[in-house]
Amino acid sequence: MMVLLGEVMTLEGGINFRDLGGYATADGRQVKKGHFFRSGSLSGLTTQDCQKMESLSVKYVIDYRDRHESEKDKDVLWSGVHYECCPANPPTHVTKASGKDFFASEHLEALPADYMETLYQNLPFGNSAYKNLFQKMESLEQGALLHHCAVGKDRTGVGSALLLLALGVDKETVLHDYLLTDKNLHPFKVKLLNQVEHLLSAKALKRFEHMMAAQESFLHSSFAEIENRYQNIENYFATEYGLSQEKLKALQSRFLK
C-alpha cells in the first residue's frame, strides 16, 4: 500500500504541527484532511499562528500534559476555541511539579532502562484523556480538533496512533506517522541537547537523548500490549472506549473519503 505522508505545517511559534489527514486506509479509502491535527505545545504561538488556527477552523484543543505542565507553559489560544487539559500520563509516569528534578542527572541515571517502553505499554489503557478524544471524535460536527502534549511525541503519538487505527489505517502507516516526529523535532532536539549537555553526566545525556527520540520499539510496545490484553484492535476499542464495530464504521464513514 502506498503510504501518504501526513501534511507537515509550519507555525512561527509551534513545533511538530501537522494534519493527520491524507493517510490511506487498509480498505483503500483516505483520511479526510482538515479534521484532526497533532502538535507540540502551543505556548509560543504568534498572532499569525492563531490566525492560521482560525482559518483551519480548529475549534477544540485537548492538552495531554500534566496540569502543572500546562499551567507553567500555558497554551496561546484563539477566538472561539474550546480548550481542555486532559492529562494522559499513566500514574507510573506522572511528572513532578519541579521539572528540574526529573531532568537532573541523578534522576535520569536512576530511571529504568525500559522507562519509555513501559510508558507506551501503559498509555493505551484506562486513559481518560483518550476516552475524551474519542468522545470528541464522535460528537465532532463542525470544526477541527487538535491534540497535543509538550513536544507532540509520546502522549500525542499514542493518541494519534489510536485515532488513525480507529479510522482503519494499518499499523505500518500509523508507525510511519509516528516516526515523522523524529524528523520534525530534529532542530528542536539539537537546540535542547546543546543547552543541557554541560549540565548532565554522559550517562544521563544518553538517557535523555533516548527519551527524546521517537523509536519504533516505543510504539510497538503499545501495539504488543493491546494485542496481549485484547487479542485484536476491535476488542480493544469496544472495551476501552465503547466503540463497537458499528460505531467505528460510523466514524469511518464521516472522516474517510
Side-chain angles (χ1 to χ4, degrees), residues 1-9 16-39 56-60 62 120-121 123-125 127 129-147 152-153 155-184 214-257:
M1 178 187 299
M2 175 185 276
V3 174
L4 296 174
L5 297 180
E7 185 177 352
V8 179
M9 309 174 78
N16 202 17
F17 176 61
R18 60 187 190 267
D19 192 333
L20 284 170
Y23 287 114
T25 61
D27 64 7
R29 289 182 287 176
Q30 193 178 43
V31 179
K32 293 178 182 177
K33 293 185 178 183
H35 289 289
F36 305 109
F37 297 91
R38 59 177 295 174
S39 179
L56 292 170
S57 298
V58 178
K59 302 294 186 185
Y60 301 95
I62 299 177
Y120 279 74
Q121 285 171 351
L123 275 169
F125 306 102
N127 198 318
Y130 299 150
K131 289 178 182 177
N132 186 45
L133 170 66
F134 285 110
Q135 288 168 0
K136 287 287 189 296
M137 281 184 72
E138 287 192 277
S139 63
L140 189 64
E141 294 183 0
Q142 292 184 329
L145 180 151
L146 182 153
H147 61 152
K153 180 175 77 75
R155 293 163 284 190
T156 305
V158 172
S160 296
L162 297 178
L163 186 155
L164 291 173
L165 288 171
L167 293 178
V169 178
D170 64 71
K171 289 180 180 178
E172 179 184 359
T173 306
V174 169
L175 181 61
H176 170 84
D177 175 75
Y178 171 74
L179 293 175
L180 277 179
T181 287
D182 229 30
K183 178 181 178 182
N184 293 345
Q215 298 193 15
E216 286 190 33
S217 64
F218 296 169
L219 195 58
H220 276 307
S221 296
S222 294
F223 292 161
E225 192 63 20
I226 288 172
E227 186 172 343
N228 179 50
R229 297 194 194 191
Y230 288 106
Q231 288 71 59
N232 59 60
I233 200 69
E234 291 79 17
N235 289 342
Y236 169 75
F237 281 122
T239 304
E240 291 283 338
Y241 308 105
L243 291 172
S244 63
Q245 290 202 32
E246 290 74 21
K247 287 187 176 182
L248 288 173
K249 287 179 181 177
L251 287 175
Q252 291 164 10
S253 68
R254 290 170 58 200
F255 299 117
L256 300 180
K257 62 179 183 179

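Since we're looking at a predicted model, the values are computed, not measured. Values reported hereafter were calculated over all heavy atoms of this structure, with side chains retained and with hydrogens, waters and symmetry mates removed.
- To the nearest 0.5 angstrom, Leu163 atom CG is 8.5 Å from Phe255 atom CZ.
- Smallest separation of non-hydrogen atoms from Ala24 and Val169: O-CG1, 3.8 Å.
- In this structure the side chain of Arg229 never reaches within 4.5 angstrom of the side chain of Asn235, judged on heavy atoms.
- A donor-acceptor contact shorter than 3.5 Å links the side chain of Asp182 to the backbone of Ala214.
- The side-chain contact (heavy atoms from CB on, under 4.5 Å) search around Gln135 returns Asn132, not counting sequence neighbours.
- Atoms NZ and CD1, from Lys171 and Ile226 in turn, are 7.0 Å apart once rounded to the nearest 0.5 Å.
- Only one option out of Thr156, Asp177, Asp19 pairs with Arg38 in a side chain to side chain donor-acceptor pair (under 3.5 Å); it is Asp177.
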Stepwise side-chain contact (heavy atoms from CB on, under 4.5 Å) test for Asn127 and Leu133: CA-CA 10 Å; Asn127 198 318; Leu133 170 66; over 6 Å; no
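- Nearest heavy-atom pair across Thr25 and Leu167 is CG2-O, 3.5 Å.
- Using a 4.5 Å cut-off on side-chain heavy atoms (C-beta onward), Leu251 and Glu138 make contact.
- Shown here for Leu20 and Leu164, the closest heavy-atom pair between the two residues is O-CD2, 3.8 Å.
- Judged as a ring pair (Phe, Tyr, Trp, His ring centres under 6.0 Å), and not counting sequence neighbours, the contacts of Tyr241 are Phe134, Tyr236.
- No donor-acceptor distance shorter than 3.5 angstrom exists from the side chain of Asn228 to the backbone of Ala224, with no hydrogens or angles considered.
- Residue Tyr60 holds its OH atom at 6.5 Å from OG of Ser139, rounded to the nearest 0.5 Å.
- Residues passing the salt bridge (charged side-chain N to carboxylate O under 4.0 Å, His left out) test with Arg254, sequence neighbours excluded: none.
- The minimum heavy-atom distance linking Gln252 with Gly168 is given by the pair NE2-N, 3.8 Å.
- Counting all heavy atoms, side chain and backbone alike, Gly34 lies closest to Ala144 at O-CB, 3.3 Å.
- Side-chain contact check for Ser160 versus His147: some heavy-atom pair is nearer than 4.5 Å.
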Steps toward side-chain contact (heavy atoms from CB on, under 4.5 Å) verdict (Tyr23, His176): CA-CA 10 Å; Tyr23 287 114; His176 170 84; 4.0 Å; yes
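- Inter-residue side-chain proximity for Phe36 and Leu140 is flagged as met; some heavy-atom pair is nearer than 4.5 Å.
- Annotation: the span from Ile233 atom CD1 to Phe223 atom CZ amounts to 8.0 Å, rounded to 0.5 Å.
- At least one side-chain heavy atom of Leu256 sits under 4.5 Å from a side-chain heavy atom of Val31.
- The distance from the NZ atom of Lys153 to the CG atom of Asn16 is 10.5 Å, given to the nearest 0.5 Å.
- Contact detail for Tyr120 and Ser221: the closest heavy-atom pair is CB-CB, 4.1 Å.
- The distance from the CG atom of Leu179 to the CG atom of Asn184 is 11.0 Å, given to the nearest 0.5 Å.
- Using a 4.5 Å cut-off on side-chain heavy atoms (C-beta onward), Leu56 and Lys33 make no contact.
- In this structure, Gln30 contributes its side chain and Gly22 its backbone to a donor-acceptor pair below 3.5 Å.
- Side-chain contact annotation: Tyr230 with Glu240, donor-acceptor N/O pair under 3.5 Å present.
- In this structure, Glu234 places its CD atom where more than 12 heavy-atom neighbours from other residues, nucleotides or ligands lie under 6.0 Å away.
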